[in-house]
Amino acid sequence: MLNLYKTLRKQLLVAIEKTIQDIAPSPQSSGRALDPQLVAASKPEFGDFQVNIALSLAKELKQSPHGIAMRIVENLNIDQDFSALCNAPQIAGPGFINLRIKNQCLVAEIQARIKDKRLGVPLINSETPDAITPTVVVDFSSPNIAKEMHVGHLRSTIIGDSLARVLEFRGYSVLRINHVGDWGTQFGMLITHLKEVAPEALETANAVDLGDLVTFYREAKQRFDTDAVFQTTSRDEVVKLQRGDPLAKKAWELLCEQSRQEFKKIYDYLDVKLSERGESFYNPYLQNVVDDLNKKGMLVTDEGAKCVFLDGMYGKSGKPLPIIIQKSNGGFNYATTDLAALRYRFATPPEGDGACRLIYVTDAGQSNHFQGVFQVAKLANWIPKASRVEHVPFGLVQGEDGKKLKTRSGDTIRLRDLLDEAIDRAEADLRRRLKEESREETEVFITRVSKAVGLAAVKYADLSQNRVTNYQFSFDRMLSLQGNTAPYLLYALVRIAGISRKGGSLDIQGSSLEFKEPQEWALIRELLRFDETIAEVEEELLPNRLCNYLFELSQVFNRFYDQVPVLKASQPYRDSRLALCRLTADTLKLGMSLLGLPILERM
RNA sequence: GCGCCUGUAGCUCAGCGGAUUAGAGCAUCUGACUACGGAUCAGAGGGUCGGGAGUUCGAAUCUCUCCAGGCGCGCCA
């Protein structure tokens, strides 16, 4: 109902302006930015929208809020366009103005949706088709080379993918960047260690498999933490790599390629598309970061490292906390890379992405880091005007014990295993159900449905929570097929497909719709909320808002389905109800596809 | 110690500064299959929105403070 909202807002502004002039005519009071405080009604019985401005104007105009509300309503009633849109406004409580959209307008909206594949969601450039398509960078997933993806990567991957899908649907040119960890000290560690224990891995492709690499990595990490000599050798190895040493580079390429193959399997499985552009990509730009910061006088050499000190950032013992741009041995680290990446993403093509918005989907533990990086970028004037840089943090994945699942010490659930188990459980559940209902289905059907249900359940469990909070990882909860879960949404879809199979054509033109049941009107209102939900997700980058909406839509639909007959109804109700079914299915399908969830007709 | 985040029903969580009953789901209890798939629907019980203060006509929501938990805090990313 975004377009109705906009229209109403305009009409309200006129009426409020007039009201202010009536009560307290003054040159200052006109022409300023007024907020009509038009919001969705807090309860269905209050209508569709409520206007709250009378209460805040009361003090300023020294009149009762109720009186002001009455005058606003009078002025609204003069407007014939308004009267065509809304029933007579009601004043409630101290001075709220309740608005209810006329039924015929709601029906017209529904008719428009039936013909609109975008279901009311406008394209970003729909009003200015000649404008350049704005580019948004979504930086997500970003596993580390030589490590296996674990449940922590799942959050970044799924959330990032969903945000990218929403932005793409809105018409942005989205760069899905996989900022893989392929360039840090970890590499020095690994190469140094492999030189000793498995030199063939550095010369021959696929000499060891990823599982072994993970073990080597773990060993290397342990040596790094305990052995000072190994530490220095490792760091120097990184510097060699960063300076382009051919042997180090060759070893590095082999390791990357091996990991890449493994990552791809997971991404294909999850139906996630990404462009790999790891940290190493920005290597040629690192020195510039140092030089430019130096020119701007922002660098301080401290204990041999080149640092930026920011106001208000202190470490353990109250000492100012630096952001290290170049290490004492000449190497660069992640702040430098992130700064180089930020510049590249804003820079105009071809030597940059020309983005207007940067979105980083990483765990909340990196909040401080990004805050620092963004602040340095701001001070250095590297963030163009009218552009946005956002860290999209998400909480930890905790074990049943409430503690963080360790990523480096080894006790991690492999992502692949998690997904497989989800699918296995979905399959067992499906087979049990088939037996109970004496249904016969082919193995192909069972495999396909289990995979879709399992993966959808895992994804949805993650997406449906506010990403900021930690979440306790639990197979049982994740895979539960009851309540606010993917299977519930899928089931609503399956029911509609069932109606269609039983002879209800969903190919409705919707030229003569007629509704009479409250369950129909509730469903209509719910369907029309889709566009504002998408707008919200685009702005706040919270996919759980879309999940909530789809769940509520499914609930409202199930109520309608349960209480209002469709196929047995007489015309014109039968076709009108079929139109609602069709629109519900379209909305669910589109919404679920924006979450990256698979869709089924039968389950 | 400092910084960031979180604290809402037994459990998992929604909640856009607004209306005498703060919402879902799970779990518990009670109903509904001669029905378009019951993986559903109707209903019940269950809350000092961590504590306190402040701003406001109005606070779960904004500010401050305290308490509890999580994460981070110099050359890992």
Side-chain angles (χ1 to χ4, degrees), chain A residues 37 39-40 42-43 46 50 52 55-56 58-59 65 92-96 98 142 144 181 183-186 189 221 224-225 235 279 302-307 312-329 331 333-335 337-338 362-369 371 393 395-396 398 402-404 407-408 429 433 437 439 453 464-466 468-472 474 477 480-485 487-488 490-492 494-504 532 536 540 544-545 547-548 551-552 555 558-559 561-563 565-568 577 581 602-603:
Chain A
Q37 300 185 32
V39 296
S42 57
K43 290 186 184 175
F46 302 144
Q50 62 185 53
N52 301 333
L55 294 114
S56 45
K59 199 175 190 180
F96 300 98
N98 291 336
S142 309
N144 287 331
W183 207 238
T185 302
Q186 47 172 1
M189 282 160 35
K221 170 69 178 159
F224 187 86
D225 288 342
R235 286 187 180 137
E279 294 168 344
D302 194 77
E303 294 175 31
K306 290 176 182 161
C307 311
M313 292 192 82
Y314 298 96
K316 262 178 199 162
S317 44
K319 276 195 273 182
L321 190 67
I323 290 172
I324 294 174
I325 302 297
Q326 188 163 26
K327 297 190 273 196
S328 51
N329 70 348
N333 66 359
Y334 71 136
T337 308
D338 280 344
T362 79
D363 69 282
Q366 297 190 49
S367 293
N368 289 339
H369 162 67
Q371 223 181 320
L396 293 170
Q398 301 174 319
K403 289 194 174 157
K404 180 182 179 179
T407 54
R408 295 195 179 181
D429 195 75
R433 191 172 294 280
E437 297 170 8
R439 269 170 69 190
V453 170
S464 59
Q465 270 184 41
N466 187 320
V468 182
T469 52
N470 290 348
Y471 103 87
Q472 224 173 61
S474 152
R477 225 174 290 140
S480 161
L481 302 181
Q482 247 108 55
N484 183 4
T485 61
Y488 183 89
L490 285 168
Y491 186 60
V494 165
R495 285 181 136 180
I496 298 170
I499 288 179
S500 169
R501 279 195 300 274
K502 283 272 160 73
E532 57 204 56
E536 231 175 79
E540 315 212 11
N544 66 306
R545 294 273 168 84
C547 294
N548 267 351
F551 177 59
E552 277 164 23
Q555 275 188 314
N558 275 328
R559 227 163 275 156
Y561 178 92
D562 199 61
Q563 294 160 20
V566 176
L567 292 178
K568 287 179 186 161
R577 287 168 192 176
C581 289
R602 291 201 310 126
M603 63 194 284

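Worth saying up front: this structure is predicted, and the values here are computed from it rather than measured. Only heavy atoms go into these numbers, but all of them, side chains included; no hydrogens, no water, no symmetry mates.
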**Item:** Length of the CD-P vector between A/Gln465 and B/rG25, whole Å
**Value:** 16 Å

**Message:** Within the 4.0 Å heavy-atom criterion, would you say A/Gln50 contacts the bases, only the backbone, or no part of the nucleic acid?
**Reply:** base

**Request:** Quick one: label A/Cys307 by what it contacts on the DNA or RNA (base, sugar-phosphate, nothing), any heavy atom closer than 4.0 Å.
**Result:** base

**Prompt:** Using the P atom in both, what is the distance from B/rG47 to B/rA24, to the nearest Å?
**Reply:** 15 Å

**Message:** Can you see if the side chain of A/Gln555 gets near the phosphate of B/rU40 - specifically, an N or O under 4.0 Å from OP1 or OP2?
**Reply:** no

**Message:** For a quick test of reading the model: is some side-chain N or O of A/Arg439 closer than 4.0 Å to OP1 or OP2 of B/rG37?
**Reply:** no

**Request:** Determine whether any donor atom in the side chain of A/Asn98 lies under 3.5 Å from an acceptor atom in the base of B/rA19, or the reverse, and answer yes or no.
**Result:** yes

**Message:** Is A/Arg495 close enough to B/rG38 that one of its side-chain N or O atoms is under 4.0 Å from OP1 or OP2 there?
**Reply:** yes

**Request:** Apply ring pair (Phe, Tyr, Trp, His ring centres under 6.0 Å) to A/Phe551 and list each qualifying residue two or more places apart in sequence or on a separate chain.
**Result:** A/Tyr488

**Item:** Note, A/Arg602 side chain near A/Arg501 side chain (heavy atom, < 4.5 Å)
**Value:** yes

**Request:** Answer with base, sugar-phosphate or nothing: what part of the nucleic acid does A/Arg577 contact at a heavy-atom distance below 4.0 Å?
**Result:** nothing

**Message:** Is A/Lys319 close enough to B/rG74 that one of its side-chain N or O atoms is under 4.0 Å from OP1 or OP2 there?
**Reply:** no

**Message:** On RNA chain B, does the nearest nucleotide to A/Asn368 precede the nearest nucleotide to A/Val453 from the 5' side, or the other way round? Give the residue.
**Reply:** A/Asn368

**Message:** Rounding to an integer number of angstrom, what distance separates B/rC29 and B/rU20 when you compare their C1' atoms?
**Reply:** 29 Å

**Asked** Mind checking whether A/Thr362 and A/Ser142 have side chains closer than 4.5 Å, heavy atoms only?
**Response** no

**Message:** Does A/Gly365 reach a base, just sugar-phosphate, or nothing at all? Heavy atoms under 4.0 Å.
**Reply:** sugar-phosphate

**Request:** Describe the nucleic acid contact of A/Pro94 in one word from base, sugar-phosphate, nothing, applying a heavy-atom distance below 4.0 Å.
**Result:** nothing

**Message:** Please report the distance, rounded to the nearest Å, between CG in A/Asn52 and P in B/rA59.
**Reply:** 15 Å

**Message:** Using a heavy-atom cut-off of 4.0 Å across all strands, would you classify A/Met313 as base, sugar-phosphate, or nothing?
**Reply:** nothing

**Complete:** RNA chain B nearest-nucleotide lookup for A/Tyr491 and A/Asn470: closer to the 5′ end is A/Tyr491

**Request:** Nearest whole angstrom, please: distance from the P of B/rC33 to the OH of A/Tyr561.
**Result:** 16 Å

**Prompt:** Should A/Ile496 and A/Tyr561 count as side-chain neighbours, where that means a heavy-atom distance under 4.5 Å?
**Reply:** no

**Phosphate OP1/OP2 of B/rA39: any A/Arg433 side-chain N/O under 4.0 Å** = yes

**Prompt:** So what does A/Asn558 touch, heavy atoms closer than 4.0 Å: a base, only the sugar-phosphate, or nothing?
**Reply:** sugar-phosphate

